[in-house]
Amino acid sequence: FKSNEGYTLVKFPDNKYISYIDRFVWDMNKKELAMGSETASAEVDYTYEDIEPEGPRYVSVERTQDSLNFVAPLAYYDYKKNQINAKGVKFIEVADSRIYPDKGELTVEREAKMSTLENARIRTNKQTKYHTIHSAILNITSRKYFSGLGNFDYIDENNTVQNIHFNEIEVDSSLQTIASGNIIEKAGFKLSPVFRFQGKTFLRSRDSLLTFK
């Protein structure tokens, strides 16, 4: 189906989402609806650029999610599971961060629940871009809040890369992304070539440096 009047409002009542779409392909045997745009392509450059792809924007109408939204050039609605399976999603803006889903894929289930993202990346914050957290497992619950865990590459003065695992990532009351983790003695972590460190470490998106305690 192709809309005769440009983009058409589409409602997903089971998922509590809306979108504006101008092209549909209905596979009756699979009970699946492919949704997109005449001008959009699902082939998206997933490098960390600040430009969203062309395509329909999907917006949550669940009041507690503060209009959580994302752009997906291509998405499939599964009638059997009542899911929106989005493809080509470059990033989702949550609080002061941008979250990059693995392979650009995400799923919206019933009642506006976004499935847990695995192997995602976080760039925070959107303006300073001080920090990147990778290999993250995240739950996004609104446009202002997400939580989870992930890894951070600490680079010392000799450009040696060491991994820091943040077992708590969340958003504070000022909408700043924060993270914390524990570095144990047997990890052999070094702040610099001449200093070993054991203790807690903290990341705040507004600060360019980590805090070690």
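For clarity, every value in this text was computed on a predicted model and none was experimentally measured. Values below: every heavy atom of this structure, side chains too, minus hydrogens, waters and symmetry copies.
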I would like to know whether Ile92 and Leu106 meet side chain to side chain contact (heavy atoms under 4.5 Å, CB included); could you show each step before the answer? CA-CA 10 Å; Ile92 311 164; Leu106 63 84; 3.4 Å; yes

Chi angles and distances behind the side chain to side chain contact (heavy atoms under 4.5 Å, CB included) call for Phe197, Lys190: CA-CA 6 Å; Phe197 175 82; Lys190 292 183 178 181; over 6 Å; no

Candidate pair Ile18 and Lys11, rule side chain to side chain contact (heavy atoms under 4.5 Å, CB included), full reasoning: CA-CA 5 Å; Ile18 63 170; Lys11 298 179 180 180; 4.1 Å; yes

I would like to know whether Asp153 and His134 meet side chain to side chain contact (heavy atoms under 4.5 Å, CB included); could you show each step before the answer? CA-CA 8 Å; Asp153 290 338; His134 61 86; 3.1 Å; yes

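Taking 4.5 Å as the limit, some side-chain heavy atom of Phe146 sits within range of a side-chain heavy atom of Ile99. Residues Val89 and Pro101 have side chains in contact (heavy-atom distance under 4.5 Å, counting atoms from C-beta outward). Phe202 places a side-chain heavy atom less than 4.5 Å from the side chain of Lys213. A 4.5 Å side-chain heavy-atom check between Leu117 and Ile137 finds every atom pair outside the cut-off. Inter-residue side-chain proximity for Met35 and Tyr58 is flagged as met; some heavy-atom pair is nearer than 4.5 Å.
Side chain to side chain, Glu62 and Thr64 meet the donor-acceptor criterion of an N or O pair below 3.5 Å. At a cut-off of 3.5 Å, with distance as the only test, a side-chain donor of His165 or Asn151 sits close to an acceptor on the other residue. Counting only N and O atoms by type, the side chains of Ser192 and Asp156 include no donor and acceptor under 3.5 Å apart. Gln65 and Thr141 are not linked by any side-chain donor-acceptor pair at a separation below 3.5 angstrom, with hydrogens and angles left out of the test.
Tyr17 and Phe70 have tilted rings, their planes meeting at an angle from 30° to 60° on a 0 to 90° scale.
Put simply, Ile84 and Phe1 are part of the same group of oily side chains (I, L, V, M, F, W, Y) that touch within less than 4.5 Å, one to the next. Under the 4.5 Å side-chain heavy-atom criterion for Ile, Leu, Val, Met, Phe, Trp and Tyr, Val71 and Phe12 are members of distinct hydrophobic clusters. Trp26 and Val10 fall within the same hydrophobic cluster, defined by Ile, Leu, Val, Met, Phe, Trp and Tyr side-chain heavy atoms under 4.5 Å apart, directly or through other members. When the side chains of ILVMFWY residues are joined at heavy-atom separations under 4.5 Å, either directly or via intervening members, Leu191 and Leu203 end up in a single hydrophobic cluster.
Ring centroids of Tyr79 and Tyr77 are separated by less than 6.0 Å, placing the two rings close together. Taking the six-membered ring for Trp and the full ring otherwise, the centers of Phe212 and Tyr154 sit less than 6.0 Å from each other.
Closest approach of Val171 and Leu175 over heavy atoms only: CG1-CA, 3.5 Å. Here the closest non-hydrogen pair linking Tyr130 and Ser205 is CD1-O, 3.5 Å. Here the closest heavy-atom approach between residue Ala112 and residue Ser60 is recorded as CB-OG, 3.9 Å. When all heavy atoms are compared, the tightest approach of Asn15 to Val108 is ND2-O, 3.3 Å. Contact detail for Gly36 and Ile21: the closest heavy-atom pair is O-CG2, 3.0 Å. Contact record, Glu109 with Ser115: OE2-OG, 2.5 Å, taken as the closest heavy-atom pair.
Note: Ile133 CD1 to Arg123 CZ = 12.0 Å, rounded to the nearest 0.5 Å. Taken to the nearest 0.5 Å, the CD1 atom of Ile140 stands 12.5 Å off from the OH atom of Tyr145. One finds the CG atom of Asn85 at 4.0 Å from the OG1 atom of Thr107 (value rounded to the nearest 0.5 Å). One distance of note links CG of Asp22 with CZ of Phe24; it measures 8.0 Å at 0.5 Å rounding. Distance check: Ser135 OG to Ile122 CD1 gives 10.5 Å after rounding to the nearest 0.5 Å. A distance of 10.0 Å separates CG of Asn69 from OG of Ser19, quoted to the nearest 0.5 Å.
Tyr76 OH: 12 or fewer foreign heavy atoms inside a 6.0 Å radius. The 12-atom threshold is exceeded at CG of Asn158, counting heavy atoms of other residues, nucleotides or ligands nearer than 6.0 Å.
Other residues sharing the hydrophobic cluster of Ile155, ordered by chain and number and joined by side-chain separations under 4.5 Å: Val161.
Between the side chain of Asp27 and the backbone N or O of Asn29 there is at least one donor-acceptor pair closer than 3.5 Å. The main-chain N or O of Lys80 is found under 3.5 Å from a side-chain atom of Asp78 such that the two form a donor-acceptor pair.
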Please tabulate, for side-chain N and O atoms in residues 176-189, each donor-acceptor pair with protein atoms closer than 3.5 Å (sequence neighbours left out).
{"residue": "Gln176", "atom": "OE1", "partner": "Arg206", "partner atom": "N", "Å": "3.1"}
{"residue": "Gln176", "atom": "NE2", "partner": "Asp172", "partner atom": "OD2", "Å": "3.1"}
{"residue": "Thr177", "atom": "OG1", "partner": "Asp96", "partner atom": "OD1", "Å": "2.6"}
{"residue": "Thr177", "atom": "OG1", "partner": "Ser97", "partner atom": "OG", "Å": "2.6"}

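One finds a salt bridge joining Lys126 and Glu93 here, because a Lys/Arg side-chain nitrogen approaches an Asp/Glu carboxylate oxygen to under 4.0 Å.
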